[in-house]
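What follows is a short report on a single structure.
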Amino acid sequence: MPRLPTTWEELTFMAKQCDLVGKGLIRFCYECSDYPCRRLKDLDERYRTKYHMSMIENLYFIKSERDGLISGKEVAKWRCPECGG
């Protein structure tokens with residue numbers, strides 16, 4: 001299972017795909033007037049299908065939490081129920 005991003009910097013995955021993020025004009029997709037764009041929606045669909053997580057939902061948590069970490073709820077969702085790791 002892939003490791004989930006845990007910091008704002010790790011969540012700038014769209015930098016290669018988006019000029020605004022890539023040039024540092026915005027830090028997160030939700031700051032864009034086109035949010036959520038077609039690319040982000042497509043990425044979100046793939047992540048929900050493959051990894052059972054939503055990139056758009058994670059961006060919502062980041063926006064609402066403003067502390068740079070993914071919500072403890074999301075971390076707990078991916079924690080191993082047997083060992084807690």
Side-chain angles (χ1 to χ4, degrees):
M1 180 178 323
R3 185 182 71 81
L4 292 175
T6 56
T7 64
W8 286 2
E9 288 76 20
E10 289 181 302
L11 288 164
T12 57
F13 55 87
M14 293 293 284
K16 293 178 185 173
Q17 303 294 321
C18 173
D19 287 340
L20 295 175
V21 176
K23 293 177 182 176
L25 300 174
I26 61 172
R27 195 165 181 193
F28 297 100
C29 295
Y30 63 74
E31 296 171 335
C32 181
S33 62
D34 195 29
Y35 174 78
C37 67
R38 182 78 246 151
R39 285 183 177 150
L40 183 58
K41 287 178 184 176
D42 290 344
L43 180 69
D44 185 71
E45 184 176 341
R46 282 193 312 272
Y47 269 61
R48 284 186 286 115
T49 302
K50 292 176 99 174
Y51 308 118
H52 308 288
M53 64 163 292
S54 169
M55 297 306 290
I56 293 174
E57 186 177 306
N58 284 349
L59 285 165
Y60 169 77
F61 283 128
I62 289 172
K63 183 178 180 183
S64 64
E65 297 289 320
R66 291 291 207 181
D67 66 359
L69 298 174
I70 292 178
S71 168
K73 176 181 169 185
E74 186 69 15
V75 172
K77 180 171 136 182
W78 292 98
R79 184 157 283 146
C80 174
E82 293 178 16
C83 72

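- The CD atom of Q17 lies 11.0 Å from the CG atom of L40; values are rounded to the nearest 0.5 Å.
- Annotation: side chain of L59 is in contact with side chain of Y35 (closest heavy-atom distance under 4.5 Å).
- In this pair, F28 and Y30 present their aromatic rings parallel. The plane angle is below 30°, not in the 30 to 60° band.
- The two residues E31 and R27 make their nearest non-hydrogen contact at OE1-N, 2.5 Å.
- In terms of the side chain to side chain donor-acceptor pair (under 3.5 Å) criterion, residue partners of D42 (sequence neighbours excluded) are, by chain and number, R38.
- Scanning for side chain to side chain donor-acceptor pair (under 3.5 Å) contacts around R39 gives an empty result, with sequence neighbours left out.
- The distance from the SG atom of C29 to the CG atom of N58 is 12.0 Å, given to the nearest 0.5 Å.
- Here the OG atom belonging to S33 is positioned 8.0 Å from the CG atom belonging to L20, to the nearest 0.5 angstrom.
- The environment of OH in Y60 is sparse: at most 12 heavy-atom neighbours from other residues, nucleotides or ligands sit within 6.0 Å.
- We find the CE-CG distance between M53 and D44 to be 8.5 Å, quoted to the nearest 0.5 Å.
- Here the straight-line distance linking atom CZ of R48 with atom CG of L43 works out to 10.5 Å at 0.5 Å rounding.
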